Amino acid sequence: MRFIVRRLLLFVAALFGVSVVVFAALRILPGDVASVMAGLNSPASRVEALREQFGLNRPLVVQYADWAEGLLRGDFGTSILTGRSVTSLIAARASITFPLIVLGLLVAIMIGVPLGVAATLARSDAARTAFHVAGLIGGAIPALWGGLLLILLFARGTGLIGLFPSQGFPLDGWAAPGQAVWSLILPALTVGIIVGASLMRYTRSALGDIAGSGRIDMAMACGMTRAQAVTGVGLRLAMPQLVSVIGLTFAEMITGVMVIENLFALPGIGSGLVTDVGNRDLIAVQSELFMLAAFFLLVGLIVDLLHRALDPRLATAADATEVIA
């Protein structure tokens, strides 16, 4: 419980720090949303009137306090340019981005973990070299190039095998779940293949460390085959490391899908954030950045708790340290 309380307090402190940094950084950037709204060659009186209308001429401390109070109430504010609730904008975009990340992560796990196990079980030097090269090539593929390649291969109208839509998301959204999932297949494959290559290397490395410690040989001495020892014993012992890697990868993918969303014309958080930054919509941008940072911190918190639950040695070591202190 002490560990959980400490982590929760650290999580809250980090959220406060992120909110201050995001708010201050956006005010330092050049440009003014009032000038954007007023248009080119607008008189200074028009710009000042817009600043007065939207409260942009108030002290920064007051603006931050109003925004932070709204965050505590679950209100991310109102977009200055569109007049829409930022909460509804984020919810609509997140309904595309998060399913895309989940699908991409599932593809990565289905590719990375089995191939990592297969690489560990490989006997010949040629097979091990082939897995190593495949991991390096897969992880080095730029997301933009990989997505274009998949479009040329599998997109309807342009691909050699026209199976999936190349761009866009159904107007009905998730009211048409089949079409919605179908439109996310190519983007998810683009993300999953690249992340899966990295996950394969992590899995192979973790299993290699466990094999080097003699635990695999001990399991084989008890009557298991090498494949049974690696999958039954090695994977279980490597699970804390893999959970940490998968959790952090899941959090990092929220920023990695920005390129994918723009390539496949998906109206998700990434493409929306790019648009809002270009329009200097400060309220929307700062709320979106804060939400992304909060999600990253939340995933880190969950990974820490899961890692401690899966590896009791961490709790034992912490208790011993406290006793010594």
Side-chain angles (χ1 to χ4, degrees), residues 97-155 159-161 163-164 166 181 184-212 216 227 230-231 234-264 266 268 270 295-296 299-300 303 306-307:
T97 297
F98 285 108
L100 170 59
I101 294 175
V102 171
L103 286 175
L105 189 61
L106 290 176
V107 172
I109 293 174
M110 289 188 293
I111 292 175
V113 175
L115 288 182
V117 172
T120 304
L121 293 174
R123 295 283 190 176
S124 66
D125 292 338
R128 288 194 291 267
T129 302
F131 281 114
H132 180 69
V133 172
L136 291 178
I137 294 176
I141 295 176
L144 180 62
W145 187 85
L148 289 173
L149 183 60
L150 289 178
I151 289 175
L152 293 175
L153 291 175
F154 301 110
L160 296 176
I161 305 174
L163 294 177
F164 309 106
S166 60
V181 171
L184 295 179
I185 296 297
L186 281 184
L189 286 174
T190 304
V191 176
I193 291 173
I194 297 173
V195 175
S198 300
L199 186 57
M200 182 193 76
R201 298 199 303 271
Y202 281 118
T203 303
R204 180 185 180 184
S205 176
L207 291 176
D209 292 341
I210 293 171
I216 300 297
V230 170
T231 56
L235 271 182
R236 181 173 58 83
L237 294 175
M239 194 56 64
Q241 299 179 50
L242 294 180
V243 166
S244 298
V245 171
I246 292 172
L248 295 178
T249 299
F250 181 71
E252 291 172 356
M253 287 171 66
I254 193 87
T255 56
V257 298
M258 290 185 180
V259 175
I260 303 301
E261 288 180 348
N262 282 278
L263 174 62
F264 289 94
L266 295 173
F295 173 76
F296 193 93
V299 172
V303 167
L306 286 177
H307 198 172

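For clarity, every value in this text was computed on a predicted model and none was experimentally measured.
Nearest approach of Ala238 to Ile210, heavy atoms of both residues: N-CD1, 3.4 Å. Residue Thr97 comes nearest to Glu261 through the heavy atom pair OG1-OE2, 2.5 Å, listed as atom of the first residue, atom of the second, then distance. Of all heavy-atom pairs between Val245 and Thr249, the closest is O-OG1, 2.6 Å. Considering all non-hydrogen atoms of both residues, Ala119 and Arg204 come closest at CB-CD, 3.8 Å. Ile111 and Gly192 make their closest contact through CD1-O, 4.3 Å (heavy atoms, listed as atom of the first residue, atom of the second, distance). What you find for Pro187 and Ile260 is that their closest heavy atoms are CB-CG2, 3.6 Å.
Remark: side-chain polar atoms of Ser205 are not paired, donor with acceptor, to backbone N or O of Arg201 under 3.5 angstrom. Without hydrogens or angle criteria, Arg128 side chain to Arg123 main chain gives a donor-acceptor distance under 3.5 Å. With hydrogens and angles disregarded, no donor-acceptor distance shorter than 3.5 Å links the side chain of Gln241 to the backbone of Ala206.
Within 6.0 Å of atom CZ in Phe250, more than 12 heavy atoms from other residues, nucleotides or ligands are found, so the atom counts as buried in its surroundings.
Between atom CG of residue Leu242 and atom CG of residue Leu199 there is a gap of 6.5 Å, rounded to the nearest 0.5 Å. Rounding to the nearest 0.5 Å gives a distance of 10.0 Å between CG of Leu100 and CD1 of Ile185. Taken from CZ in Phe131 to CG in Leu136, the straight-line distance is 13.5 Å, to the nearest 0.5 Å. Atom-to-atom distance recorded for Met239:CE and Leu306:CG is 11.5 Å, nearest 0.5 angstrom. Atom CG of Leu186 is separated from atom CG of Leu150 by 6.0 Å, given to the nearest 0.5 angstrom. Annotation: the span from Met110 atom CE to Leu115 atom CG amounts to 12.0 Å, rounded to 0.5 Å.
Residues Leu184 and Phe264 fail the side-chain proximity criterion, which asks for heavy atoms closer than 4.5 Å. At least one side-chain heavy atom of Leu263 sits less than 4.5 Å from a side-chain heavy atom of Leu144. Using a 4.5 Å heavy-atom cutoff, the side chains of Val230 and Leu207 are in contact. Counting heavy atoms from C-beta on, the side chains of Phe154 and Leu189 never come closer than 4.5 Å.
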- CA sep, side-chain torsions, deciding dist, call: Val191, Ile101, side-chain contact (heavy atoms from CB on, under 4.5 Å): CA-CA 8 Å; Val191 176; Ile101 294 175; over 6 Å; no
